[in-house]
Amino acid sequence: MRVVRLRSTQISRRTRGRWWPPGGRCLRLLPLLCIFIIIAALGILAISEMSLVQRRVVSPVVGGGAASRIMPGRVQHPPQSSHSHQIQTSNTVFKIEPLLRRNAPSVELSAQVAINAVRASFIADIITREGNITWVKEQLTSKQTCQQQPDDCPKVPPKLYGAKNVSSSPLQLSESMLRTLVGPVEMGGKWSPPECSARHSIAIVIPYRDRWEQLLTLLYHLHPLLQRQQLKYRIFLVEQVGNDTFNKGVLMNAGFLTALKYNPAPGVIYHCFVFHDVDMIPEDDRNMYSCPQQPRHMSVAVNELDYKLPYRQLVGGVFAIKTEHFFKVNGYSNLYWGWGGEDDDMGYRVEHVLSAISRPPEWIARYTMIKHKKRKPLAWKVKVKLLRTSWRRYRLDGLNTVQYQLLELKDYPLYTRILIDVGHPPHNIRVLQQEQDEQSKKTD
Ligand code: UDP
Ligand code: MN
């Protein structure tokens, strides 16, 4: 018995000496173990990053616009066009870092600053007008009308048509003819239902340059539709001045920040925005332009895309979002010069920051895109890299860093015009763009 006990004690001591308590051989192996774990973690990270990059490049990147977009779910090879040639031969590397402002104010701070500025302008307005007796009278009467405000408009507007046929050619209209056709719209392109109190007030932002017929066609359809939906609204046309490369993202951000200064009711800012391409004509007035709980992609089914949604992150065309959500995603990226990408970047922002994009059913959210020439796409290299980094970059590129010059702000009968100078594309994007153009000329 004794022998047995001694042995067992010896064995247990030896065992303890090797493995326990810490300080034995195990401790000596610890640094090696740590190094092994770190290498393994880095390996896993690299693999997951590669697959992320692949996934991101797969879906909406290529071509940038409507019909040429490539479906997600398959591994994307460079397109068999001039672009692929360009990718293989061009050695210039596109660097994003120089385009980002490292000292940009935080997204939250810049949102607060923007809202404070709007509030301050309301207060300044009141202070300067207090001495103006007519204005005080107006306010008093408007207060009285406030007290006798009509009931809320019905949840389901009673005068909707449903689906109707729309032509993909622009209408031949003059502006004066249009004015008589769209009903009693106030200067600046605003309207609210006279018979009831609108449940939603919406700012519509249209990025624009040199598409007059398309604009008239859209206004011809949109004003009456919004009126049938009994919404309080104002249409803002954000126009880029000059002939240099178009930048839709900057126009959207500039339009948003400028429209914030307009108040649908005294001291109130617009709660929601609808960003609307000028060539997207709604086919069904049951597709509501109301305030969405989650950001809402409204142009789900477009004739150009065989009335099918090509990929999940698409928010291009017509996109409705609450003001607070637009601040949260830091607006659009300002770095997409030329055709395509800025909308997909917004899709990623929304998915990353707000989790989900909502959509009405395909059979209602139908649009006809007016036929037009395709624009020159943003250099492939630039677009791929921007989209790949979209959700990591969003805090340094958007509303908090947008730069533009406001050249004109004027009320026209059917819209408020915001004329903007967005500046010129940065040097490195220009160089890559030129390289791509030269390559496509050679291969054509
Ligand atoms: N746009 C414009 N003028 C231009 C280029 C673009 O007004 O020269 C605006 C317009 O609102 C248009 C939107 O930007 O609907 C998107 O551009 P485009 O229609 O060329 O792209 P798509 O969506 O057809 O790929
Ligand atoms: Mn278009």
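In each ligand, atom 1 is the first atom listed, and ligand 1 is the first ligand listed. Just so you know, residue 1 is the first one in the sequence shown, and it goes up from there.
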**Report entry** Lys/Arg cation over aromatic Phe246: Lys248, 6.0 Å, 45° cone
**Finding:**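 Output no; distance or angle outside limits.
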[X] touching ligand 1 at heavy-atom level, < 4.0 angstrom:
| X | value |
| --- | --- |
| Glu239 | no |
| Asp210 | no |
| Pro207 | yes |

Query raised in the report: Looking just at side-chain N and O atoms, do Asn247 and Tyr404 make a donor-acceptor pair shorter than 3.5 Å?
Result: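 The criterion, which ignores hydrogens and geometry beyond distance, is not satisfied for Tyr404 and Asn247.
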Distance filter under 4.0 Å to [X] heavy atoms, resulting ligand 1 atoms:
| X | result |
| --- | --- |
| Asp277 | 11 (O), 13 (C), 15 (O), 16 (C), 23 (O) |
| His372 | 18 (P), 19 (O), 20 (O), 24 (O) |
| Val278 | 10 (C), 11 (O), 15 (O) |
| Met369 | 24 (O) |
| Trp339 | 21 (O), 22 (P), 25 (O) |
| Asp279 | 15 (O), 19 (O) |

Under 3.5 Å, N or O to N or O, is [X] touching ligand 1 that way?
| X | result |
| --- | --- |
| Phe246 | no |
| His276 | no |
| Lys248 | no |

**Report entry** More than 12 heavy atoms of other groups within 6.0 Å of Asn116 CG
**Finding:**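 Result for CG/Asn116: enclosed.
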Query raised in the report: Would you call Asp277-Arg211 a salt bridge at under 4.0 Å N-O?
Result: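 A salt bridge is absent here (no side-chain N lies under 4.0 Å from a carboxylate O).
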Query raised in the report: Is it true that Lys308 and Asp306 make a salt bridge, defined as a side-chain N closer than 4.0 Å to a carboxylate O?
Result: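 Looking at Asp306 together with Lys308, the answer is no, because their closest N to O distance does not fall below 4.0 Å.
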Which pairs would a plain distance check flag for residues 231-239, meaning a side-chain donor or acceptor within less than 3.5 Å of a matching protein atom at least two apart in sequence or in another chain?
residue, atom, partner, partner atom, Å
Lys232, NZ, Pro264, O, 3.0
Tyr233, OH, His223, ND1, 2.7
Tyr233, OH, Gln227, NE2, 3.2
Arg234, NE, Thr416, OG1, 2.9
Arg234, NH2, Asp411, OD1, 3.0
Arg234, NH2, Asp411, OD2, 3.4
Arg234, NH2, Thr416, OG1, 3.2
Glu239, OE1, Arg417, NE, 3.0
Glu239, OE1, Arg417, NH2, 3.3

Query raised in the report: Counting no waters, what protein N/O/S atoms lie under 2.8 Å from the Mn ion (ligand 2)?
Result: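 For the Mn ion (ligand 2), the protein N, O and S atoms that sit under 2.8 Å away are Asp279 OD2, His372 NE2.
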Query raised in the report: Does any N or O in the side chain of His297 come within less than 3.5 Å of the main-chain N or O of Ile357, such that one atom is a donor and the other an acceptor?
Result: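 Side chain of His297 to backbone of Ile357, a donor-acceptor pair under 3.5 Å: no, none is there.
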Query raised in the report: Is there a salt bridge (charged side-chain N to carboxylate O under 4.0 Å, His left out) between Arg393 and Asp345 once you walk through the steps?
Result: CA-CA 10 Å; Arg393 202 189 61 245; Asp345 194 287; 2.7 Å; yes
